Colleague: 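Got a structure here, written out as structure tokens. Questions coming.
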Number of protein chains: 2
Amino acid sequence: MKFEAVTIKHIAQELGLSTSTVSRALRDSHEISQATKKMVLDHAKKVGFKPNRIAQSLKERKSLSIGVIVCEIANSFFSQVINGIDSVAYEHGYNVIIAQSMESAERELMNLEYLTSSSIDGLIISVSTETKNFSYLKKLHERGLPIVFVDRVIDEIETHKVIADNYKGAYKATKHLIERGYKKIGILSNNSGLSISQERLEGYKAALKEANIPFRENMIAYCDHGGMLYSEVETAMKMLLKQRVKPDAIFAGSDKITTGCLRFMKHKNIRIPQDLALIGFSNTDLTELLNPPLSVIKQPAFEMGQASASLLLSLIESKRPQTKFETRSQSTELLIRKST
Amino acid sequence: MKFEAVTIKHIAQELGLSTSTVSRALRDSHEISQATKKMVLDHAKKVGFKPNRIAQSLKERKSLSIGVIVCEIANSFFSQVINGIDSVAYEHGYNVIIAQSMESAERELMNLEYLTSSSIDGLIISVSTETKNFSYLKKLHERGLPIVFVDRVIDEIETHKVIADNYKGAYKATKHLIERGYKKIGILSNNSGLSISQERLEGYKAALKEANIPFRENMIAYCDHGGMLYSEVETAMKMLLKQRVKPDAIFAGSDKITTGCLRFMKHKNIRIPQDLALIGFSNTDLTELLNPPLSVIKQPAFEMGQASASLLLSLIESKRPQTKFETRSQSTELLIRKST
DNA sequence: TTTATTTACGCAATCGTTCCCGAAATATTC
DNA sequence: GAATATTTCGGGAACGATTGCGTAAATAAA
């Protein structure tokens, strides 16, 4: 099935002009007379001419589309980020091509190859939990592909990065728990290799230290795939609960881990917050409707998406190679509810 | 910033061959000797050659990308649909370009113009609540753009459609309420113009009729934007509750309406299900963690996405214009929990 | 040895736009 | 009125990959 479009050549023929003249008239060049311009424009409108973006891309050597790789679209945080990206990309006439890594380094690599072969002008990526080898990404970056990291960043590559203030968010959450009287605070962390995990762990430790509570290594359990599988949250929680000194509160490190933890506690009939308090990073707008209403640290996901898109566009549209990069850290919000 | 890629021309030059030979060697043409093939392939691999998809698209007159328009990405139902679309599109080497209408007919039209000018090979769309004028879409379809409707379909255009079994879903939900002893069942419907609203209303009516409960017009309230704004759910609920005969149960017609309704009832301290029972269409995986755990009708969103993508691809890749179209209806699931 | 056939490759056009040149046609200057 | 400047347009070459056609050389058949 073909979708026959009208081209500049058609217009030129019907109007007895050359394609160059038509092209210039459409682009409002100064070297075309008002009369011809009007004629061309009118006719173009009449026949519904739409420039072929693919031909333009080939000629201009840019595709006007940006690639986005996140671990999962159907995740409230990332879907909000995408929403933000979409909003500014759209404004600037860019397409957004989305791919999911599903927390798999292999799929991420495939997506990467795929998107770059699709001639994207730039990339926004939040690396998967599994990714340990950044060489391909690095190579792409060195070859000149504009890249912006969002949320899950890596140090090895110098470029713009957009993150939430994970340190402070975790600090605030932990401090809140301490102020509520909890002293044995378990932390359900995302994959230890992730930047967000490390920052959040630091924030957690800082709050403990400030309250003179010693940090215990066995109070930390990792969910290597960010809670994408319920089973890993379950295992982590069981590990935490079979310690000699059981935690009286849990601080969960990601959206899926937080809700996964809540699910676990419900299954085990653990009362919240009496038996065990719960606070975690989460971006669903349903947290206040949960049982109990969940205290959460909320990230400005939409704004983070917007920021990363505008940074990427500035990178793409800059004439000469950038050398100054910024890491934009956006503040999180602590919402205190019944679970703590 | 440019991202200089290696082209066929480079390879040809370095190997002392013509571009045609290189191209043919890469495509494993029979008219190239094994020796040259090997030489080209090895060299291509060494320099990391990736064919320029834009040039291919221009030549082949297809872009290998499909457009998707939904009302909102950050909506559990649609993000799952997109997930399904992505999974099959990716397998077939297609890009997915996503746009959001935000329930606005104007934005939808802009997205439509935008995506088609981006030379998409086909379109999957779930129309916005506001859309009343389908002429642009119709024109596109007549001009040969393959289109598949998902969830929110329109009768005016004959093509493949993928829907959930809305009639049966609504019927099951209403019947369930009746069996639980509720007789005054209010319905919080999505925009009345939408196919899904009509089908769900019919299912609701059928269940009432079967139980000899008369249908009352004032038991139905509409949320014209599908509950995208909390305020419209609030208004609708207030309207329902100020009737002379107040409902003892609510059947909500969409994801956002269902959770919006729950939110409203919490704010008003309405006990669920004692004062008012609640069941609704929803696809969030958090419903069992809500307070109370919500009885819902769940749609096979991921599978619907998959189905629409494969139908679209069959349309795109079919040699001659299709005339036989199917409407694939996928069954919903009734999950009974504490809210009813 | 001559003719037919196959093998292996290059030339050039094509997809739809853009843009560098050059060239009329018209306008301006001395 | 000749020389110069300006305006307005067309020719044609890109962009990168694909492909029909042509052809030289190598091989096979007569």
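Source: prediction; values computed, not measured. Chain letters run A, B, ... following the sequence lines, proteins first and then strands; every chain starts at 1.
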Colleague: Would you kindly give the CZ-to-P distance between A/Arg61 and D/dA17, to the nearest whole Å?
Modeller: 11 Å

Colleague: Side-chain donor-acceptor pair under 3.5 Å between B/Glu108 and B/Thr131, yes or no?
Modeller: yes

Colleague: Whole angstroms only, please: what is the CD1-P distance between A/Ile11 and C/dT18?
Modeller: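 In whole Å, C/dT18 P lies 11 Å from A/Ile11 CD1.
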
Colleague: What's the CD-P distance between B/Glu60 and C/dG16, to the nearest Å?
Modeller: 13 Å

Colleague: Please report the distance, rounded to the nearest Å, between CG in B/Leu15 and P in C/dC9.
Modeller: 11 Å

Colleague: Do the side chains of A/Leu137 and A/Ile157 get nearer than 4.5 Å, heavy atoms only?
Modeller: yes

Colleague: Nearest whole Å is fine: how far is C/dT17 C1' from A/His10 NE2?
Modeller: 14 Å

Colleague: What's the CG-P distance between B/Leu58 and D/dC15, to the nearest Å?
Modeller: 14 Å

Colleague: So does A/Gln56 get a side-chain nitrogen or oxygen closer than 4.0 Å to the phosphate oxygens (OP1/OP2) of C/dG16?
Modeller: no

Colleague: In terms of side-chain heavy atoms of B/Asn52, which of D/dT19, D/dA17, D/dC15 is nearest?
Modeller: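 When the side chain of B/Asn52 is considered, D/dA17 is the closest of D/dT19, D/dA17, D/dC15.
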
Colleague: Look at the side-chain N and O atoms of B/Thr7 and state whether any lies under 4.0 Å from the OP1 or OP2 oxygen of D/dG16.
Modeller: no

Colleague: So, is A/Lys9 near the phosphate of C/dC15, with a side-chain N or O under 4.0 Å from OP1 or OP2?
Modeller: yes

Colleague: List the steps and the verdict of side chain to side chain donor-acceptor pair (under 3.5 Å) for B/Glu103 and B/Thr129.
Modeller: CA-CA 5 Å; B/Glu103 303 289 17; B/Thr129 47; 3.1 Å; yes

Colleague: Quick check on contacts: within residues 21-39 of chain B, what sits under 4.0 Å from DNA chain C by heavy-atom distance?
Modeller: B/Thr21, B/Arg24, B/Glu31, B/Ile32, B/Ser33, B/Thr36

Colleague: Which is more 5' along DNA chain D, the nucleotide nearest A/Ala55 or the one nearest B/Thr19? Just name the residue.
Modeller: A/Ala55

Colleague: State plainly whether the residues A/Lys139 and A/Glu113 are in salt-bridge range, i.e. N to O under 4.0 Å.
Modeller: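 Not counted as a salt bridge, because no side-chain N and carboxylate O are separated by less than 4.0 Å.
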
Colleague: Any donor-acceptor pair under 3.5 Å linking the side-chain atoms of B/Thr21 with those of B/Ser18?
Modeller: yes

Colleague: Does the side chain of B/Ser20 pick up a donor-acceptor pair with the side chain of B/Ser23 at under 3.5 Å?
Modeller: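 Per modelled atom types, B/Ser20 and B/Ser23 side chains form no pair under 3.5 Å.
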
Colleague: With sugar-phosphate meaning primed atoms plus P, OP1 and OP2, does A/Ile8 contact a base, only sugar-phosphate, or nothing at under 4.0 Å between heavy atoms?
Modeller: sugar-phosphate

Colleague: If we count only N and O atoms by modelled type, under 3.5 Å, do the side chains of A/Ser101 and A/Ser104 hold a donor and an acceptor together?
Modeller: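 Absent: no donor and acceptor within the cut-off.
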
Colleague: Using a cut-off of 4.0 Å on non-hydrogen atoms, how would the nucleic acid contact of B/Ile54 be classed: base, sugar-phosphate, or nothing?
Modeller: nothing

Colleague: Spell out yes or no: do the side chain of A/Lys59 and the base of C/dT18 have one donor N/O and one acceptor N/O closer than 3.5 Å?
Modeller: yes

